[in-house]
Amino acid sequence: MTHAVAAVIEQAGAPFVRVDIDLDEPRAHEVLVRIEAVGMCHTDLSVRTGSIPFPLPAVLGHEGAGVVEAVGAGVTKVAAGDRVLMSFTSCGQCVPCLTGRPVQCVHWPALNLLGGSRLDGSATVRRRTGEAPLHGHFFGQSSFASHALASERNVIRVDADAPLDLHAPLGCGVQTGAGAVFNVLAPQAGSTLVVFGAGAVGLSALLAAVNTPATRVILVDLNESRLALARKLGATEVINGKDTAVVAAIRDLTGDGADYTLETTGNTRVLRQAVDALAVGGVCGVVGAPPFGSEVHLDAAQMPVRHPRIVGISMGNAVPEAFLPALIELRRQGRFPVDELITHFAFDEIESAAAAMHGGEVIKPVLRLS
Ligand code: CXF
Ligand code: ZN
């Protein structure tokens, strides 16, 4: 049993509150991590509002980074003292896992997004006092806490001098945007990519896109300061959707439309725009997560006429053990300046961090615990 302190959401719409918790002992393939830094992602806030039905009360947080304190008897990948990032988890035994597609693990929703416990139903976190329930195992970590119980599968070892407070968000938001571009859209030479949304995911997609042979990368958002940052980070054009008909503006800029679009906002009207803005045969990647049950209207008659391809993507379709070290190296070389997206907060400022991200002033809050 490990004593820890967590930021808990007690019920939908409630603030984060500090709760003393106990973590289970690491099982054979589990890893106990002392958290040094943890990023905040919109998915954490979507659970808080109830638009993702993760069971509450719960310890959220899924961009944790820290130092391994203990490992289960069967763990060989890391040892106590190693510094690690955490990403999503997967079962390792289903056909998608065994064929290199852990994001498509058949147990992915239960293990990461909806379950709240290990797959066998056992709890990883408990309150130190009182009988009220508490759910954890969010993305196999629940890292809005001083310590998290992860598994061998979702920790990635990094160098001893790695700046964890700059690397933590690679585990979800940054991987989601960058991987959508590098691993799925993979834009061809001379092509045009339009990214809808200049938040952490959209701007990470931009940071990736400037490392591809796409020659035009257009960012669409409603916030002028985010669009200014997008320009600074290499967007060739920006569109403020507040005062512009976005699809018409993209056609003005491109002629027939964009070869690739990427929807990162989770707004279904924007998804419609991202499909309508495609050139014939173009590809629209969808990473934005609207509330569960949301539906989108498309012009179905255009499907056999303009041949759009619409691809759902999560976690950048990445294998984190391979992908995160690549992002770290690109950053080290100055080719992936993710630092520009990050604002640091103390762990006990978690509520201000959430407000600043929600309000658009901050792109990627990272909480420091030490
Ligand atoms: C999530 C969004 C909700 C669906 C699964 C992937 N991505 C990151 O937080
Ligand atoms: Zn996330």
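Every number for a ligand or one of its atoms is a count from 1 in the order of the listing.
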Between E224 and K242, does at least one N-O distance fall below 4.0 Å, as a salt bridge requires?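 Salt bridge flag = no for K242 with E224.
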
In terms of side-chain geometry, is the basic nitrogen of E10 or R18 positioned less than 4.0 Å from the acidic oxygen of its partner? no

Please check if the side chain of E30 supplies one atom and the backbone of L149 the other of a donor-acceptor pair under 3.5 Å. no

Backbone of G140 reached by a side-chain donor or acceptor of N154 within 3.5 Å: yes

I need the contact residues for ligand 1: any residue with a non-hydrogen atom closer than 4.0 Å to the ligand, ordered by chain then number. C41, T43, H62, W108, L113, F139, C172, A289, M315

How long is the span from the CZ atom in R48 to the CG atom in L56, to the nearest 0.5 Å?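 Here the rounded value is 11.0 Å.
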
Measuring from E237:CD to L227:CG, what's the distance to the nearest 0.5 Å? 12.5 Å

Closer than 2.8 Å to the Zn ion (ligand 2), which protein N, O or S atoms?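 Less than 2.8 Å away from the Zn ion (ligand 2) sit C41 SG, H62 NE2, C172 SG.
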
Tracing side-chain links under 4.5 Å among I, L, V, M, F, W and Y, which residues wind up in one group with V270?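 Members alongside V270: V194, F196, I218, V220, I239, V246, I250, L253.
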
Among all residues two or more places apart in sequence or in another chain, which pass the salt bridge (Lys or Arg N to Asp or Glu O under 4.0 Å) test with R157? D82

For T43 and F138: C-alpha separation, side-chain torsions, deciding distance, then whether side chain to side chain contact (heavy atoms under 4.5 Å, CB included) applies. CA-CA 11 Å; T43 301; F138 190 53; 4.1 Å; yes

